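Values in this document were obtained by computation on a predicted structure and should not be read as measured data.
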Amino acid sequence: MFEILLNEKLNPTVSRMVVQAPLVAAKAEPGQFIILRVDDEGERIPLTVAEYDREAGTVTIIYQLVGGTTIRLAQKAKGEYLADFAGPLGTPSHTAGLKKVAVVGGGVGCAIAYPVAKRLHEQGCTVHSIIGFRCKDLVILEREFDAVSDVVKKMSDDGTWSAKGLVTDALKQLIESGETYDEVIAIGPLIMMKFVCKLTAQFGIKTMVSMNPIMIDGTGMCGCCRLSVGGETKFACVDGPDFDGHLVDFDEAMQRCAMYREFEAHERERACNLFTKEVI
Amino acid sequence: MPNMRLDKNPMPAQDPLIRNGNFEEVTLGYPEAAAVDEAARCLGCKNKPCVQGCPVQIDIPAFIVAVRDGAFEAAYDVIAKASSLPAVCGRVCPQESQCEQYCVRGIKGEAVGIGRLERFVADWHMQHSEGSVAAPAQNGHRVAIVGSGPAGLACAGELARRGYAVTIFEALHVAGGVLMYGIPEFRLPKRIVQAEIDTLKKLGVIIETNVVIGKTLAIDELFAQGFEAVFVGSGAGLPSFMRIPGENLNGVYSANEFLTRINLMKAYREGAATPIKQVHKVAVVGGGNVAMDAARCAKRLGAEEVYVVYRRSEAELPARAEEVEHAKEEGIVFKTLNNPVAILGDDKNTTCGIRCQRMELGEPDESGRRRPIAIPDSEFTLDVDTVIMSIGTSPNPLIKSTTEGLEVTRRGGIVTDDAGKTTREGIYAGGDAVTGAATVILAMGAGKEAANSIDAYILGQ
């Protein structure tokens, strides 16, 4: 059992949870993920480590309320427990030796991009962060990115926050203004990563992406998280989750993510109904 | 006088056309009278040929004689001396190619139903014993075990009985490994597995779930924590695919994924939190026991048609004859001598067929089985919405990549000697992590063998 030390809403669809998990906290590195189950009847879901405190033995996850499980997760209170919390899983993001990097985060993907940006900053790397959200209400981690970036470009789809436009617009401007990068690291919705990769391919800039497919065990047993990278089948849980974005088959990944969409919608409704009943 | 009846007492079972719609156990076990009658078929051979076929060396004639005399608890004690998981082995061991293969009664007629008797004894014990197991006196030595599947459980049981303080580290949220996520409820009820694990806990074995060795902790850290030896029984690892077009379509599962969703996550139950596709027409590719399990699960999920697609002929099917028989009775259709060449998808990237070519058998290959050869221009399409690839696994790289000095074979299996010793001092290994996909009982045998080695190693220091 893993005690919840904090569970707070960052915006209407995204929450932050701090969990007491000393073994995970002792080993976690940026880019790695954990698998949790909310309770004994729960499904196993992967979530990326957003922050960790080795001394306090805590791990922070930032999650979007998308299905039944994440809604139930959001209903948990401080002092309650999660049934299971295993990790850190996957290969850490490769940051060593990078001197200048553009970190692109989209939506809740910013929660994954932030620890990478922070690590790069601590290494003395020049960090240009480009963070994008659909609208003002969904913004997360703005101050955190400000603190670890040399340049921050802030974008919103509808123009209600900072500049109107897509992260790819901002990245393109930076590149065309003469900025050069050792690498672009893009983390966000699949469609965003796909278009960042299209853009950077034109300029020949190496681009790493973090894939977040459906998983069950997360330890290299079930093969559910497979994706095509450079024509080969790879497993996100052990080979990733970071991959060379120019080699990833995003269209296939998007279709695989949609496999249980109907079920998820049904579960979401069930979890919400349950919640309504409890509140009344 | 022994009972000279030529055939085994039949095993009572659920009707095939009823059981293929539920997840209840297929076979029901011998009633007492049948068990005693079957036990009387044993000739009590002095040289005990059956025992040489048992990977964990149960004193088979001794337990059978006890059954014949109605001393069921005494029979259990004989089995428990050698086996950590009798109720499991009585159900899933391939007895026909092990103990029963050497039974003298099998020369003329059928071998004694050793497996069925083992199951009877284990089940009788579970129903009648108080469940009080005296924890043995501690010898003050600590051993860590990686993985709580059959290899790890057998190794743990053996060492705990000798007084070792044993901790098992399990990556998943429950103990049992393949017994929990792989083998279906209808072949091995999970309450049986749980009861066997509870027995080990009563012996003093500690099980730490949610610890992924190689990630959460490295093996070297286990030594630093004071464990004197480590046994690696981490299992088979990543599923293999055929590298044919369409394997990443929606509706294509590895057998591991399909079975894990059903067995571990209970996706077949109404209201389960883990989803599984609604299957109608299913092709399972492969011919092993895992393929049979996947096919029979698909049927139970409500599939109207389930095919097993296998590239050799029925004679070469690696699955146990009994599993093949059960599958056929339940309405699984065997498409042998067929090899998939592509999986077909619709415009939504969802599986809508599997393209196969017909095969014929040529000369024997390195496995000793006749090599399947494609027949030209013989391709055809099976209309299916789901494909389950069950063609084996390759070892998980997590432990190798985080343990210096641990050698693996070209295929990724951990290198050990016959006694389970790896190339690193103090580290032992067994089960699928060493051999690649094999059976529960072979893994248990390896776990037990390694326990002997660990005992000798620690006491010799």
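- Across Leu398(B), Thr393(B), Asn349(B), Ile276(B), the residue that shares the most heavy-atom pairs under 4.5 angstrom with chain A is Asn349(B).
- Contacts with chain B were tallied for Leu89(A), Ile214(A), Ile45(A), Asp217(A); Leu89(A) has the most, counting heavy-atom pairs under 4.5 Å.
- Proximity to chain A is absent for every atom of Ala255(B), based on heavy atoms less than 4.5 angstrom apart.
- Between chain B and the residues Glu262(A), Arg44(A), Glu264(A), the most heavy-atom pairs under 4.5 angstrom are made by Arg44(A).
- Interface residue Gln32(A): only side-chain heavy atoms are found under 4.5 Å from chain B.
- The contact between Tyr181(B) and chain A is made entirely by side chain atoms (from C-beta outward), counting heavy-atom distances below 4.5 Å.
- For Ala21(A), no part sits under 4.5 Å from any heavy atom of chain B, backbone or side chain.
- Ala171(B) approaches Ala86(A) most closely through the heavy-atom pair O-CB, 4.3 Å.
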Exercise for the section: Begin from the C-alpha positions of Arg226(A) and Val252(B) and carry the test side chain to side chain contact (heavy atoms under 4.5 Å, CB included) through to its verdict. Expected result: CA-CA 11 Å; Arg226(A) 64 191 187 275; Val252(B) 181; 3.7 Å; yes
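- Contact of Glu41(A) with chain B is made through the backbone alone, with heavy-atom distances under 4.5 Å.
- Counting only distance, with no hydrogens or angles, the side chain of Asn256(B) and the backbone of Met221(A) share a donor-acceptor pair below 3.5 Å.
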Exercise for the section: Applying salt bridge (Lys or Arg N to Asp or Glu O under 4.0 Å), run through Lys27(A) and Glu221(B) and close with a yes or a no. Expected result: CA-CA 12 Å; Lys27(A) 288 286 171 64; Glu221(B) 288 173 281; 2.4 Å; yes
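- Side chain of Ser254(B) to main chain of Cys222(A): a donor-acceptor pair is present (N/O by atom type, distance under 3.5 Å, no hydrogens or angles).
- The choice from Arg261(B), Lys266(B), Lys277(B), Lys348(B) that makes the most heavy-atom pairs within less than 4.5 Å of chain A is Arg261(B).
- Closest non-hydrogen pair, Gly223(A) versus Pro239(B), comes out as CA-CG, 3.7 Å.
- Only the backbone of Phe85(A) comes within less than 4.5 Å of a heavy atom of chain B; no side-chain atom from C-beta onward does.
- Of the inter-residue distances, the one linking Tyr260(A) atom OH with Thr274(B) atom OG1 reads 9.5 Å to the nearest 0.5 angstrom.
- A pairwise comparison of heavy atoms in Phe2(A) and Asn210(B) identifies CE1-ND2, 3.7 Å as the closest pair.
- The contact between Thr260(B) and chain A is made entirely by side chain atoms (from C-beta outward), counting heavy-atom distances below 4.5 Å.
- Of all heavy-atom pairs between Asp347(B) and Gln255(A), the closest is O-NE2, 4.2 Å.
- Interatomic distance, CD of Glu257(B) versus CD1 of Ile216(A), reported as 4.5 Å (0.5 Å rounding).
- Of the atoms belonging to Ile35(A), not a single heavy atom falls under 4.5 Å from chain B.
- For the residue pair Arg256(A)/Asn248(B), the side-chain donor-acceptor check at 3.5 Å is not satisfied.
- Contact of Leu23(A) with chain B is made through backbone and side chain together, with heavy-atom distances under 4.5 Å.
- The most heavy-atom pairs under 4.5 Å with chain B, out of Ser228(A), Gly42(A), Pro88(A), come from Pro88(A).
- Residue-environment remark: CD (Glu122(A)) exceeds the threshold of 12 foreign heavy atoms within 6.0 Å.
- Counting heavy-atom pairs closer than 4.5 Å to chain A, the top-ranked of the candidates Pro275(B), Gly235(B), Ala273(B) is Pro275(B).
- Atom CD of Glu43(A) is separated from atom CG of Leu264(B) by 12.5 Å, given to the nearest 0.5 angstrom.
- Only one option out of Asp239(A), Val238(A), Thr219(A), Thr233(A) pairs with Leu238(B) in a side chain to side chain contact (heavy atoms under 4.5 Å, CB included); it is Val238(A).
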